[in-house]
Number of protein chains: 2
Amino acid sequence: MPEGDKKMAEGLQSVILTMQIVEHVARTGKGVGVTSLATALGTSKSRIHRHLQTLVQQGYVFQHEDSERYEIGHQLVSLGQAVLDNSGLVGASRDSLLALRDRIGRSAVASQLTPEGMLVIATVRGPSPIEIGVRVGSLLSFNGSAQGKVAAAFSSEAFQQRVLTGELTAYTEHTITDPEQLAAEFAEIRARGWATAPNQAALGLNTLASPILDASGAACGTVGIVDLAQSLDAEPDPEHIAAVLDTARRISVLMGHSGALPFG
Amino acid sequence: MPEGDKKMAEGLQSVILTMQIVEHVARTGKGVGVTSLATALGTSKSRIHRHLQTLVQQGYVFQHEDSERYEIGHQLVSLGQAVLDNSGLVGASRDSLLALRDRIGRSAVASQLTPEGMLVIATVRGPSPIEIGVRVGSLLSFNGSAQGKVAAAFSSEAFQQRVLTGELTAYTEHTITDPEQLAAEFAEIRARGWATAPNQAALGLNTLASPILDASGAACGTVGIVDLAQSLDAEPDPEHIAAVLDTARRISVLMGHSGALPFG
DNA sequence: AACATAGTTTCGATCAGCGGGACAAGGTGG
DNA sequence: CCACCTTGTCCCGCTGATCGAAACTATGTT
């Protein structure tokens with residue numbers, strides 16, 4: 001061991017390997033073999049085999065009965081779903097999301113506030129043949145997404161400070177990385193109730209988002225529409241803004257908010 | 001050790017514990033503490049703590065910064081979603097499912113064939129205020145669900161034999177557990193292209209399902225509608241049957257099937 | 001028939017990870 | 001304000017769960 005720290009500082013190896021295996025098997029659509037996993041993760045066949053056997057036994061991985069390849073089991077899906085389920089947001093937003101999509105014909109997306117970022121919890125694909133949108137499970141930053149900015153703008157002062165003083169990663173050259181500029185935009189967003197982020201999360205894309213407020217009046221999530229930057233301006237169509245604001249208010253009510261908007 | 005097998009036959013303990021922790025944290029909507037986890041899983045605080053630390057470090061679990069409770073991280077959602085994503089079915093069926101729901105006003109559901117059963121991969125809630133339906137991630141049996149029966153009926157002879165000779169669990173008193181009776185129903189289903197399962201998976205519920213066929217002509221999944229047994233007969237409304245068959249055919253085409261139905 | 005490549009199993013050595021207990025930080029109530 | 005809980009976190013020496021390497025089996029290929 002060349003540069004080993006005397007203590008263990010990297011975490012429990014079996015845990016890491018377990019999750020690496022699960023991740024690998026899950027991402028690789030079709031069956032994976034012991035050997036390819038072993039080389040991919042840089043460890044021995046027998047180790048992988050034992051871990052896989054245990055995962056099979058626990059139902060997280062499934063082994064094709066021809067005694068060949070390993071595939072991901074259904075428990076993983078169920079697990080991921082459980083996370084979404086016990087966020088009341090996903091249930092409250094599903095129907096409104098559909099209505100929003102139908103009303104203005106764009107991909108609609110709902111996200112939930114987490115301390116690490118905005119977690120995309122539900123999406124509805126737009127009518128466009130091209131697939132535009134965000135994946136469920138993605139995490140959007142507070143400085144580089146309309147969702148993040150709008151949620152931060154409607155969170156506590158302390159939270160905003162944490163965002164502003166934290167690291168502001170640039171995802172594109174249009175991402176806001178200057179704390180002052182971001183603070184100014186927060187104020188603006190708070191006043192009008194919506195945010196956009198043209199080319200800020202990814203070049204060519206834009207999102208229009210509004211906050212979902214809970215009983216305490218703080219943001220707990222966002223709803224919005226996603227489209228190509230060329231079709232969705234930094235100052236979007238007033239009709240679109242109205243539709244998003246309206247949807248946000250409706251979901252907010254379901255989440256226990258009074259419905260009285262603290263803006264425009 | 002009372003009845004210990006001399007060797008390890010139970011699988012790697014750290015793997016088991018890891019998944020138990022993840023499961024526990026995921027199912028418990030809100031934050032869990034080290035101590036409660038330790039008692040719930042019957043092990044020591046330090047062990048749980050180390051495992052949790054590693055999971056945090058890997059991003060699967062998130063620790064509230066007040067240095068208090070542990071919650072599930074976003075990676076899990078992303079992982080479960082990945083499983084769904086690399087089944088082309090979920091993408092192909094989403095829109096058709098909505099159309100089906102809108103056409104006949106019932107909860108619509110799509111499932112995918114797996115060797116263990118039918119995995120529910122997409123659902124659309126009906127307009128009814130009561131929530132009727134199946135959860136994404138659920139696994140439906142081959143003998144006790146319309147989805148399972150229809151998929152088996154449109155699978156290979158060998159597959160059907162495996163189902164018929166396997167264990168036929170009774171979920172209700174109406175579940176078919178007699179192999180001969182089940183074989184007869186398979187034949188019938190294959191001839192007409194749809195199946196129902198009134199009160200067979202759960203008392204009070206019924207499902208009408210049709211097969212999604214792939215390029216090879218074998219079933220790779222199902223679409224269908226779910227409703228109360230009293231609203232959905234064993235011999236459903238011809239209009240509903242037509243709608244479901246139609247939807248199934250459309251999705252089948254997206255999956256590479258010719259569209260020429262091998263039945264009615 | 002020899003070879004190649006897959007998954008599985010065995011076995012003894014070893015170090016990763018365990019238990020138990022100390023420690024710090026809040027919270028509570030007397 | 002101070003004992004007294006109850007948290008989560010950290011430390012350390014012992015040990016058995018887990019590892020690597022190699023043998024074994026089964027299939028497919030040359």
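These numbers come from a predicted model, not from an experiment. Reminder, nothing fancy here: chain letters follow the sequence lines and each chain counts from 1.
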With a 4.0 Å limit, can you tell me whether A/Gln63 has a side-chain N or O closer than that to the phosphate oxygens OP1/OP2 of C/dT8?
yes
Closest to the side chain of A/His49, out of C/dA16, C/dT8, D/dC10, is C/dT8
Note to self: Between the base of D/dG20 and the side chain of A/Arg50, is one N or O donor paired with an acceptor at under 3.5 angstrom?
What the structure shows: yes
A/Gln13 atom CD is separated from D/dG20 atom C1', nearest whole Å, by 14 Å
Walking DNA chain C from its 5' end, the first of A/Val15 and A/Val34 to be reached, judged by nearest nucleotide, is A/Val34
B/Ile48 and B/Ala38 have their tightest heavy-atom pair at CG1-CA, 3.8 Å
- Query: Under 3.5 Å, is there a donor-acceptor pair between the side chain of A/Ser252 and the main chain of A/His257?
  - Reply: no
From CG of A/Leu52 across to P of D/dT18 the rounded distance in Å is 15 Å
Would you tell me whether A/Gln20 and A/His24 have side-chain atoms, one donor and one acceptor, within less than 3.5 Å of each other? no
Next on the checklist: Does a side-chain N or O of A/Tyr70 approach OP1 or OP2 of C/dT8 to a distance below 4.0 Å, or not?
Outcome noted: yes
The reported gap from OG in B/Ser78 to CD in A/Glu23 (rounded to nearest 0.5 angstrom) is 7.0 Å
Separation of D/dT9 atom C1' from B/Leu37 atom CG, nearest Å, is 15 Å
B/Arg69 CZ to D/dG8 P, in whole Å, measures 6 Å
When rounded to whole Å, the CG to C1' distance for the pair A/Leu55 and D/dT18 reads 15 Å
Walking DNA chain D from its 5' end, the first of A/Ser14 and B/Val32 to be reached, judged by nearest nucleotide, is B/Val32
Distance col, row B/Glu167:CD vs B/Thr177:OG1, nearest 0.5 angstrom, shows 11.0 Å
To the nearest angstrom, the NE2-C1' distance between A/His51 and C/dT8 comes to 16 Å
So, with a heavy-atom separation below 4.0 Å from DNA chain D, the residues of residues 38-47 of chain B are B/Lys45, B/Ser46
Side-chain atoms of A/Leu12 come closest, of C/dG17, D/dC10, D/dT7, to C/dG17
B/Arg162 vs B/Phe142 side-chain heavy atoms within contact, under 4.5 Å
no
May I ask you to verify if any side-chain N or O of A/Thr35 is less than 4.0 angstrom from the OP1 or OP2 atom of C/dT5?
-> no
> Do A/Thr18 and B/Thr18 meet the criterion of a side-chain donor-acceptor pair at a distance under 3.5 Å?
Replying inline: no
Whole-Å distance, A/Gln53 CD to D/dA17 C1', equals 17 Å
Here the distance between atom C1' of C/dC15 and atom CG of A/Leu17, to the nearest Å, is 16 Å
